[in-house]
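Order of the sequence lines sets the chain letters (A, B, ...), proteins ahead of strands, with each chain counted from 1.
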Amino acid sequence: MTAVLHVDVDEFVAAVEVLRRPELKGKPVVVGGRGDPSKRGVISTANYEARRYGLHSGMPLRTALRKCPGAVFLPVDREAYEHASRDVMEVLRAITDALEVWGWDEAFVETNDQPEVVARAIQSAVSNKTGLSCSVGIGDNKLQAKIASGFAKPAGIYRLTAREWPEVMGGRRTEELWGIGRKSARKLSELGIDKVSELAAADEERLSLSFGPRTGPWLVALGRGVDHSRVSSVPRRARSRSLELTFDEDVEDPHVISAEVTRMTSRLAEHSMSSDRPVSSVTVKIRFAPFVTRTRIRRLPEPSIEVEAILEAAIVALGRFELDRPVRLVGVKVDFG
DNA sequence: TCTGGGGTCCTAGGACCC
DNA sequence: TCTGGGGTCCTAGGACCC
Ligand SMILES: [Mg+2]
């Protein structure tokens, strides 16, 4: 019988930082933004010590400082996490080829062996070779395994298969499902659906009327713990690449905005050229001071890796904004054709 | 106490064509 | 001249995840 495992490194980003700064062990550590809680930014990861103060991912750094003045604040260092991620995945790949990497610190594994045995082997290999601890969820499919790893934290193993699903999940709120967030949970609640068991018994047609033709059936499947997607070890090609920047202070000068769009687009075009991924469209994103976000997309006449054509599209897209209000964020995204 | 950055997928409306 | 249906492309926005 095939089982799916979901491996998730515990407090990954914070753990990587503590590994290279052992003196931080046992202290509340917050990684986010540029590591300066007097500036704009949110928490990427808080370690377990910091979470005891109510700190969590997505919380503004300013708030975190107020709630936990003794915390150590560190800037995000993506290269370090990408490096650590490669180390972890290498350890996993030495154990199994049936591995689907999911972000920096997560992976799905398919196995025909005893899943608990494989899980323990993974945990000790990752710990011995990288010094990081991880949790492992076991399921019949990716959805079950992913939710199970949440229950396994920290450093544990948890089994959630079709057999356990109704008992373990039935009475929980729909928001605990992977793919249902605050907005969808609220919308479901307005339809009288609060618990996973109620979602499992819901009428697809009725949900489709509210959520759309594909999302309706998918939601009911979620409620039942059904997921037919396979574990795929084929690396996926990115469909888009983007850059965005929140200014330290709101910007009123349109020249500053257009200079930033040009800079970002040039970098993205360089990547398009060097990786030979033609760009099919460019999206410019502006977030105005009251946190209202607008996008303008411009399709290229034909997909291109040429900086001139990509820049041209970005300038056209930007030109469709009225930049007569303070701006807090600017971003550029390219879609590959 | 104002709310990051990098991604994926879905929905919906209008244009346009058959 | 009006009605109607379906398919695809383009654009804008939304929700979610790490
Ligand atoms: Mg993790």
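Think of A:V316 as one node in a network of Ile, Leu, Val, Met, Phe, Trp and Tyr side chains linked at under 4.5 Å; it has no links at all. In the hydrophobic clustering (ILVMFWY side chains linked at under 4.5 Å, chained through shared members), A:F291 stands by itself.
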With a cut-off of 3.5 Å and sequence neighbours excluded, list every side-chain donor-acceptor pair involving residues 52-73 of chain A.
{"unit_1": "A:S57", "atom_1": "OG", "unit_2": "A:S44", "atom_2": "O", "d": "2.9"}
{"unit_1": "A:R62", "atom_1": "NH2", "unit_2": "A:S38", "atom_2": "O", "d": "2.9"}

Which atom pairs, donor and acceptor, lie under 3.5 Å between side-chain atoms of residues 268-278 of chain A and protein residues at least two apart or in another chain?
{"unit_1": "A:H271", "atom_1": "NE2", "unit_2": "A:R241", "atom_2": "NH1", "d": "3.2"}
{"unit_1": "A:S272", "atom_1": "OG", "unit_2": "A:R277", "atom_2": "O", "d": "2.8"}
{"unit_1": "A:S274", "atom_1": "OG", "unit_2": "A:E270", "atom_2": "O", "d": "3.2"}
{"unit_1": "A:S274", "atom_1": "OG", "unit_2": "A:H271", "atom_2": "O", "d": "3.3"}
{"unit_1": "A:S275", "atom_1": "OG", "unit_2": "A:H271", "atom_2": "O", "d": "2.5"}
{"unit_1": "A:R277", "atom_1": "NH1", "unit_2": "A:A238", "atom_2": "O", "d": "3.1"}
{"unit_1": "A:R277", "atom_1": "NH2", "unit_2": "A:A238", "atom_2": "O", "d": "3.1"}

Show me the donor-acceptor pairs, under 3.5 Å and distance only, between side chains in residues 322-330 of chain A and residues at least two apart or in other chains.
none

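Remark: A:D105, A:E106 in residues 71-110 of chain A come within less than 4.0 Å of DNA chain C through at least one heavy atom. At a non-hydrogen distance threshold of 4.0 Å, A:R296, A:I297, A:R299 from residues 296-303 of chain A come into contact with DNA chain C. Taken residue by residue, residues 188-226 of chain A places no heavy atom nearer than 4.0 Å to DNA chain C. Taken residue by residue, residues 251-287 of chain A places no heavy atom nearer than 4.0 Å to DNA chain C. Proximity of residues 138-148 of chain A to DNA chain C (heavy atom under 4.0 angstrom from any strand atom) is restricted to A:K146.
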Dot-bracket encoding of pairs in DNA chain C, which uses [ ] for pseudoknotted crossings and | for another strand, Watson-Crick or G-U under 3.5 angstrom | ....||||||||||||||
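In the 5' to 3' direction, nucleotides of DNA chain B lying under 4.0 Å from heavy atoms of chain A begin and end at B:dT1 to B:dT11.
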